[in-house]
Amino acid sequence: MRKHWFAPVCIVLAGLLWGCIGLFVRPLNALGLASMDIVFLRVLVTCVVMAVVLLIYDRTLFQIKIKDIWCFLGTGIASIVFFNFCYFKAIEIESMAAAAVLLYTAPAIVMILSRFLFGEKFTTVKVLSLVLTFVGCVLVTGIAGQSEALSLAGLLAGLGAGFGYALYSIFGKFALKRNYSSMTITFYTFCFAAAGSFFLADVSKIPEACGGDLKNYLLCAGFGIVCTVLPYLLYTAGLKHVENGKASIIASIEPVTAAVVGVAVYGETLPVDVVIGILLVIAGISVSALKNK
C-alpha cells in the first residue's frame with residue numbers, strides 16, 4: 001500500500017495547534033469566562049466557521065444519512081462534551097498536572113478499543129511508543145514530583161476525560177469508513193457539541209465578557225479557528241491513513257507544545273525533568289513511525 005507521508009504530519013500539526021490553546025484560554029479567563037463557558041464558545045465558533053466554509057466550498061458536504069447520526073453524536077457528545085466536562089471536573093478535584101496525566105491515558109484506551117473494533121494489532125513498536133510518550137507526559141506535567149494520593153472521584157473523572165478524549169478517534173474512524181469527509185465530520189461534531197454544552201455553560205456571560213470590543217471578538221474567532229477548526233480538520237484527515245493507536249500517540253505532542261509556549265510566552269521555567277519528558281514524548285512519536293521488525 002502506498003505510503004501517505006502527509007497523514008502523520010497532519011496529526012503532528014494538529015497536536016501543535018492544540019498545544020497553543022493556553023494563548024487563548026488565559027485571556028478568555030481574564031475576561032471572566034469559566035471553563036465550560038469557554039468550551040461552549042469554542043464549539044459554537046467552530047460550528048459557525050465550518051458552516052460558512054461548507055457553504056462556500058461544497059454544499060453537498062452538509063449531507064449525511066440519518067442512520068449515521070450516531071457517529072456524530074459520538075464525536076460531539078460522547079467525546080467533546082463528555083471529555084471536557086470530566087476534564088474540568090478532574091481539575092476541580094485534583095491538580096492540573098494529575099488531570100492532564102489521566103487525560104493522556106487516551107492513547108492506551110484508543111489502542112485497546114481499536115484492537116477490538118478495527119482489528120488494529122498490538123505491536124512491540126506501538127507498546128514502546130506508548131510507554132515513552134506516557135512517561136514523557138508524566139514528566140512534562142510535573143506530577144512526578146507530587147506526593148498526594150489521588151481521590152477516587154478525581155481518578156474516575158480523569159479516566160473519564162481520557163476515555164472521552166479517546167472516543168473522537170473511534171467514532172471519527174467509523175465516520176471516515178462511511179466515506180464522510182473530514183470537513184463534514186468536523187462540522188457535525190461541533191454542531192452536536194454546541195447543543196450539548198449549551199446546557200452546561202452560562203451562555204449569557206459570553207457577550208457580556210466581550211463587551212462590544214472588536215479585539216475580544218477577534219480573540220474568540222481566533223480561538224475557534226486556530227485551536228479547533230484547523231487541528232480537528234488536520235487530525236481527522238490524518239486518521240484516514242494512520243491507525244487510531246498511532247494517531248493518538250503522535251497527538252501527544254500537545255503537552256510538549258503547551259510547555260514550550262509557557263516558557264516562550266509566559267516566562268515559565270523548564271526543570272530538568274520536564275526537558276527529559278519532552279525528549280521522551282518526541283522519542284515516542286518518532287518510534288511510532290518505525291516498522292515492527
Side-chain angles (χ1 to χ4, degrees), residues 11 14-15 17-22 24-25 28 33-51 53-54 64 68-91 99-100 102-107 109-110 113 157-176 180-203 206 220 223-239 244 247-248 251-252 254-255 258:
I11 295 169
L17 291 173
W18 280 323
C20 294
I21 194 169
F24 296 90
V25 170
L28 290 169
L33 295 179
S35 297
M36 284 310 302
D37 303 332
I38 293 173
V39 171
F40 175 71
L41 173 65
R42 183 184 186 188
V43 297
L44 180 64
V45 170
T46 303
C47 186
V48 172
V49 170
M50 285 306 304
V53 170
L54 295 187
I64 60 172
D68 295 332
I69 286 179
W70 64 272
C71 295
F72 308 108
L73 284 170
T75 54
I77 303 295
S79 178
I80 303 298
V81 176
F82 179 70
F83 138 59
N84 278 287
F85 177 78
C86 288
Y87 187 51
F88 293 135
K89 183 61 65 176
I91 290 173
L102 290 170
L103 175 66
Y104 279 93
T105 57
I109 295 170
V110 169
L113 292 177
L159 291 176
F163 182 70
Y165 192 44
L167 288 180
Y168 184 84
S169 295
I170 301 302
F171 284 106
K173 182 70 82 172
F174 276 121
L176 287 168
Y180 290 108
S181 76
S182 60
M183 297 176 76
T184 300
I185 295 169
T186 302
F187 172 68
Y188 282 104
T189 291
F190 288 95
C191 277
F192 285 113
S197 59
F198 175 84
F199 300 99
L200 299 173
D202 185 351
V203 178
I206 295 174
C220 295
F223 177 47
I225 294 169
V226 175
C227 295
T228 314
V229 174
L230 292 177
Y232 273 97
L233 284 174
L234 288 165
Y235 186 80
T236 308
L239 277 179
N244 277 1
S248 192
S252 296
E254 178 185 349

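Positions are given from 1, in the same order as the sequence printed here.
- For the residue pair Ser248 and Val110, the shortest heavy atom distance occurs at OG-CG2, 3.8 Å.
- No side-chain donor-acceptor contact under 3.5 Å links Thr186 to the backbone of Met183.
- No side-chain N or O of Tyr235 forms a donor-acceptor pair with one of Ser182 less than 3.5 Å apart.
- The 12-atom threshold is exceeded at CZ of Phe174, counting heavy atoms of other residues, nucleotides or ligands nearer than 6.0 Å.
- Separation of atoms OG1 (Thr236) and NZ (Lys173) is listed at 10.5 Å; rounding is to 0.5 Å.
- Here the shortest heavy-atom pairing between Phe192 and Gly76 reads CB-CA, 4.4 Å.
- Using a 4.5 Å cut-off on side-chain heavy atoms (C-beta onward), Leu200 and Phe40 make no contact.
- For Asn244 against Ser169, the heavy-atom pair with the smallest separation is ND2-O, 3.3 Å.
- Within the structure, side-chain hydrogen bond (donor to acceptor under 3.5 Å, both in side chains) pairs that include any residue of residues 187-199 comprise Thr75-Thr189 (at least two apart or interchain).
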Verdict with reasoning, Ile109 to Tyr165, per side chain to side chain contact (heavy atoms under 4.5 Å, CB included):
CA-CA 9 Å; Ile109 295 170; Tyr165 192 44; over 6 Å; no
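- Residues Ala247 and Leu239 approach most closely at CB-CD2, 3.7 Å, considering heavy atoms.
- Rounded to the nearest 0.5 angstrom, Cys191 SG and Leu44 CG are separated by 9.5 Å.
- The shortest distance between side-chain heavy atoms of Val25 and Phe223 falls below 4.5 Å.
- A ring pair (Phe, Tyr, Trp, His ring centres under 6.0 Å) with Tyr168 is found for one member of Trp18, Tyr232, Phe72, Phe83 and no other, namely Tyr232.
- The CG atom of Leu167 sits 7.0 Å away from atom CG of Leu113, with the distance rounded to the nearest 0.5 Å.
- Interatomic distance, Leu102 CG to Ile91 CD1, rounded to the nearest 0.5 Å: 11.0 Å.
- Here the closest non-hydrogen pair linking Ile21 and Cys227 is CA-SG, 3.6 Å.
- Under the salt bridge (charged side-chain N to carboxylate O under 4.0 Å, His left out) criterion, Asp68 pairs with Arg178, sequence neighbours left out.
- Taken from CZ in Phe187 to OG in Ser181, the straight-line distance is 11.5 Å, to the nearest 0.5 Å.
- Taken to the nearest 0.5 Å, the CZ atom of Phe163 stands 10.0 Å off from the SG atom of Cys86.
- Put simply, the side chain of Cys220 reaches to within 4.5 Å of the side chain of Leu28, judged on heavy atoms.
- A pairwise comparison of heavy atoms in Ala161 and Leu103 identifies O-CD1, 3.6 Å as the closest pair.
- Between Tyr104 and Pro255 there is a side-chain heavy-atom pair separated by less than 4.5 Å.
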